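Have a look at the structure below, then the notes.
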Amino acid sequence: MIAGFIHPGGSLLLCQETTTVGGYGELHYNEPDGAARGTLDFHRFVLYLGHSFNEHLGFKSEIEIEHTKLEGGQGGELAIEQAYLDWHFCERIGLKAGIILPPVGIINQIHEPPTFNGVERPNVDLFVIPTTWRESGAGIYGTLSEGVSYQLYVVAGLLAKNFTGEEGIYEGKQEAFESSPQNPSLTGRLSYVPMPELKLGGSFFAGNTTDGDSAAGSGTLVLISGDVQYSRDQFTLRAEGTLESIGDAGKINAAFGSDVADQIYGFYNEGAYDVIPWLAAESNQSLSPFLRYEKYNTQAKVTGFTAIPLYDRNNITIGATFKPTYNTAFKIDYQFFNNAADANTKQFNAGIGYSF
């Protein structure tokens, strides 16, 4: 039987065997300041496919096409972003095993376009938290008490040989593609909802990254992140901060000829206000102007060389999101990309997004 969509990150509480389908997508228009013209790109087309074998055991998956097609080995990407068995024993504990998303930050697990403001995802969730981040692994999740939930997984580690000064740990993701099990890592999240309007979260990722290469040392990565989401009446607030420490960065750089930092950090604050109630009090639609400030540095602390000022960055994004329904969005924004080298740029963005 075909049933409605169930988000892959959700709980499995079904009472009969069913197959579920869903998905999301987003079309972007990006125009850098001074460009003669911008570019139109259907950035992501994603299908969800799930199946429940019984009321406790199910399968969930996410298949993504980026940039519409692959041609001659060039262009976009076709990837399996999630594919795991979900065995929900009871409310307090469940088991996931397969390709899973580390539960770090706000965006990595819940990244459908209608769930965040801005045409593009925050850059902190790219250069610091390498969203969308997927790895092979297994672990447990559940609730500890009312309003308190947890996730804890063992996953394949990152590869330090692919770290860079500009993008930090982003290219170190193995993405479940013939992953090396040499450096298993531990990741987890604790979430607390003390009241419906407020969500608090803390997450981490820890493990070695040098894949057993003694010349590069251990490359121990420790990532800690905290986030808060607040919503009351027409006002919403999001804030997220992340700090990363990479051990033996000097040995990594000597072994691989890179410019990896000892420390990386990033944070952002975002506020939005829905003006629709002022215009049409009975409407279920929303129109939310927003402002986001981001600060991130992928060479916050280095050893043996001079940090590059270009990598000490801050962004300001101002825009608006119109949602005719809760799961569709029309977006427009303007971004100011600044850095310590004063090589500053700007960009106009517009886009649409949906999920079902």
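What you see is a predicted model, and the numbers here were worked out from it, not measured in a lab.
- Inter-residue side-chain proximity for Tyr48 and Lys60 is flagged as unmet; no heavy-atom pair is nearer than 4.5 Å.
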Practice item. Would you check, one step at a time, whether the test side chain to side chain contact (heavy atoms under 4.5 Å, CB included) holds for Lys199 with Ser191? Key: CA-CA 7 Å; Lys199 298 179 182 179; Ser191 299; over 6 Å; no

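- The shortest side-chain heavy-atom distance between Val128 and Ile264 falls under the 4.5 Å cut-off.
- Contact annotation: the side chain of Gln82 never approaches that of Ser61 to less than 4.5 Å [non-hydrogen atoms, C-beta and beyond].
- In this structure, the side chains of Thr132 and Glu64 stay at 4.5 Å or more apart for every pair of heavy atoms.
- Enclosure of atom NZ in Lys161 is not indicated, since only 12 or fewer non-hydrogen atoms of other residues, nucleotides or ligands lie within 6.0 angstrom.
- Considering all non-hydrogen atoms of both residues, Pro309 and Ala307 come closest at CD-O, 3.5 Å.
- Looking only at distances, no side-chain donor or acceptor of Thr236 sits under 3.5 Å from a matching main-chain atom of Ser231.
- Listed here is the closest heavy atom pair of Leu310 and Arg313: O-CG, 3.2 Å.
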Point to revise | Residue pair Asn284, Thr325: steps toward the side chain to side chain contact (heavy atoms under 4.5 Å, CB included) verdict | key: CA-CA 7 Å; Asn284 292 322; Thr325 65; over 6 Å; no

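- What you find for Tyr326 and Pro114 is that their closest heavy atoms are O-CB, 3.7 Å.
- Remark: Phe177 CZ is loosely packed, at most 12 non-hydrogen atoms of other residues, nucleotides or ligands lying under 6.0 Å away.
- In the hydrophobic clustering of this structure, Ile107 does not group with Val119; members are Ile, Leu, Val, Met, Phe, Trp, Tyr whose side-chain heavy atoms approach within less than 4.5 Å, directly or through other members.
- Side-chain atoms of Asn344 come within 3.5 Å of backbone N or O of Asn339 as a donor-acceptor pair.
- Ring orientation note: the planes of Tyr293 and Phe267 are tilted relative to one another, at an angle of 30° to 60°.
- At least one donor-acceptor pair under 3.5 Å links the side chain of Thr164 to the backbone N or O of Glu167.
- We find that Lys251 and Asp213 are not joined by a salt bridge, their nearest charged nitrogen and carboxylate oxygen being 4.0 Å or further apart.
- Using a 3.5 Å distance cut-off with no hydrogens or angles, the side chains of Thr321 and Asn117 do pair a donor with an acceptor.
- The aromatic rings of Tyr354 and Phe356 lie parallel to each other, with less than 30° between the two planes, well short of the 60° mark.
- Judged by distance alone, the side chain of Asp262 and the main-chain N or O of Thr303 form a donor-acceptor pair under 3.5 Å.
- Nearest heavy atoms, Arg134 versus Leu101: CB-CD2, 3.8 Å.
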Practice item. Let me see the working for Asp125 and His111 under side chain to side chain contact (heavy atoms under 4.5 Å, CB included), right down to the final yes or no. Key: CA-CA 10 Å; Asp125 290 293; His111 46 255; over 6 Å; no

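- Note: Tyr141 and His88 have perpendicular aromatic rings, judged against thresholds of 30 and 60 degrees for the angle between ring planes.
- In this structure the side chain of Val155 reaches within 4.5 angstrom of the side chain of Phe205, judged on heavy atoms.
- Atom CD of Gln182 has more than 12 heavy atoms from other residues, nucleotides or ligands within 6.0 Å.
- Between the Ser286 side chain and the Asp274 main chain, no donor and acceptor come within less than 3.5 Å of each other.
- At least one donor-acceptor pair closer than 3.5 Å links the side chain of Lys331 to the backbone N or O of Phe116.
- Lys173 forms a cation-pi arrangement with Tyr170, by the criterion of a distance under 6.0 Å to the ring centre and an angle within 45° of the ring axis.
- Distance alone, capped at 3.5 Å, is enough to place a donor-acceptor pair between the Thr187 side chain and the Phe204 backbone.
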Exercise for review: Show your working on side-chain hydrogen bond (donor to acceptor under 3.5 Å, both in side chains) between Asp227 and Gln229 and close with a plain yes or no.
Suggested key: CA-CA 7 Å; Asp227 55 80; Gln229 300 178 76; 4.5 Å; no

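- His67 and Asp41 share a side-chain donor-acceptor pair at under 3.5 Å.
- Side-chain contact between Asp248 and Thr210 is absent, with no heavy-atom pair separated by less than 4.5 Å.
- Looking only at side-chain heavy atoms (C-beta outward), Pro122 and Arg238 stay at 4.5 Å or farther from each other.
- Looking only at distances, a side-chain donor or acceptor of Asn108 sits under 3.5 Å from a matching main-chain atom of Pro102.
- Using a 4.5 Å heavy-atom threshold, the side chains of Leu158 and Glu135 count as touching.
- A distance-only check finds no donor-acceptor pair linking the side chain of Glu197 to the backbone of Arg232 [under 3.5 Å].
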Exercise for review: Start with the C-alpha distance between Asn30 and Gln347, add both sets of side-chain angles, then the distance that settles side chain to side chain contact (heavy atoms under 4.5 Å, CB included), and finish with yes or no.
Suggested key: CA-CA 7 Å; Asn30 307 111; Gln347 181 167 294; 3.6 Å; yes

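- Across all their heavy atoms, Pro130 and Trp133 have their closest contact at O-CB, 3.3 Å.
- Residues Ala300 and Tyr265 come closest through the heavy atom pair CB-CD2, 3.5 Å.
- In this structure, Asp33 contributes its side chain and Thr345 its backbone to no donor-acceptor pair below 3.5 Å.
- Residues Tyr268 and Glu270 bring no donor and acceptor atom of their side chains to less than 3.5 Å of each other.
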